[in-house]
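Both counts, for ligands and for their atoms, begin at 1 and track the order of listing.
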Amino acid sequence: MATRALVNGKIVTVDERFSVAAAAAVDGDRVAATGTTAEVLAAAGPRAEVIDLGGRTVIPGLIDNHNHFVRATEHVEVRLDGTRTRDAALAALRQGAAALAPGQWLLTLGGWHEEQWAGDRREFTLAELDAVAGGRPAFIQAQYDHAVVNTAWLDAAGVPPGAESRATGRVGGGLVALNRAASGFPPPADRAATARAVMSWYNRLGLTTVFDPGGIGVAETSYDTLAALAARGELTLRVCTTLGDGASVDGSGAARAAGLAARISRARPFDGDAWYDRIAVGEIYHAAFHWDHQGSPPRPTAADIADAGVILRAAAAAGWPVQTHSVTASGLGLVFDAYEEASRHHPVRPLRWSVTHAEGITAAHLERARRLGVTVQLRSQGVIRAGQPAPAPLRLLHDSGLSWGLGTDGTRAAQVNPFVTLWWAVTGRSLGGERTLGEPLDREAALIAHTRGNARLMFRENELGSVRPGLLADLLVLDRDYLTVPADEIRDITPVAVLVGGRVVHGSLRSLLPCQHGNPAQ
Ligand SMILES: [Zn+2]
């Protein structure tokens, strides 16, 4: 018996055989059955609400394996993700500013870059931001690259007359500089409301689960807000978090390492529930060892390596999964060295340790990963600016048979729309139209990597990532068919209904009824 039957559709189950069914039944928060419409109606029983999908495609809820969601709840933002022209971006800022509550600043904290636009790619000017912001301070940041501000922001920040930014409106980039600027922004008046707004934004895009990797400068109060929402059953997004050292980008020293190792030993992973849980150590746990970016690989001292080893051995001993921020080939080499060393004390294979980002990963690394049972979390950051960073070899990774998945690294370093990530993986192009991936993936492989693949990285494969009886009913009803739309349209796919745990958190199932709107498949 079931509470709801979704029939006459195309259910892309993303099960082990990538089978497609016409119908699925949901009972409470779980999938009860899949099959033909007749089979599912029979299994669902007479009391189930019957939803005619009208031929629409349903896929599992999308999982972002690397999304700084918690940090995104710290400010009210007007987002420019995916804007395709400079004019459209300026219009978005103007509209967004007009809708802000009194006292809020006009903030855009990454997730876009001028290089994603067609045609005119000039940065905004101070005069333009003065014009759109309506007297509010404006701080418009492109990824972690640079920001353009307005006069009201320069005044609020106490920038002296004659400073260069007074003329250009441009302030320098980099994570540390931008975090410092962010510390001067007004906090949201209502943190819970801001968190709800971010969840609603993610749901609208088709995200039902995020793996949040912590990060530099994320406040404990931000986790408290989410824990309180979780305790009241008010999350609409499943949020998995990490235990790490987000204090600074140059964290080092034996005392710091011993402190984190002690915290790791005292805590236990997976002590939450299906909505809110802490499931790994990472992505930063000893920055001096593994802080790593394209063009600036880590250069740890022997002491840094030994200190990281203390942390990793503690994690292995206490049964913690670990994910390590690692980008370059040499940085990845250091991480695999350290994982192998930790595994000599406590085998890490059952813990599915991970390398996250991993753009520089090579066939030799993959061999080491195979021996250790290490998994790989990739991100689509390069979709915004071709080659920034150069993408990981998706095809090599896919063909290796290792466990891996797709994410973004949003909301600052990257955009967060999972359909943009899928489009990037399938077309190999950046938003600005440049060729960026050597060998793209087929649609099936890309979708697996954004659903079931990520579920396995998170030890959630028996709960999430496919539409199968017994799994949680996290489902997207799409406005068009992911498997057959022209490849270039994948980035425009929009869910018309999003279910998390069987509950509609975005859109509506009723609007699908053919008697109201005709058969949308025709
Ligand atoms: Zn990272």
Worksheet item: Would you say the side chain of Gln323 lies within less than 4.5 Å of the side chain of His66, judging by non-hydrogen atoms?
Response: yes
Item to complete: Determine the sole option in Asn417, Leu207, Val416, Leu237 for which the side-chain contact (heavy atoms from CB on, under 4.5 Å) test with Trp201 is passed.
Response: Val416
Discussion item. Strictly under 2.8 Å, how many protein N, O or S atoms lie near the Zn ion (ligand 1)? Waters don't count.
Written reply: 3
Worksheet entry | His113 side chain vs Glu115 backbone, donor-acceptor pair below 3.5 Å | yes
Worksheet item: Going by distance alone, is a donor N or O of one side chain under 3.5 Å from an acceptor N or O of the other, for Ser222 and Glu74?
Response: yes
Discussion item. Once side chain to side chain donor-acceptor pair (under 3.5 Å) is applied, what residue pairs with a partner in residues 302-317 remain, sequence neighbours excluded?
Written reply: Thr301-Asp304
Worksheet item: Any sub-3.5 Å donor-acceptor pair from Thr362's side-chain atoms to His365's backbone N or O?
Response: yes
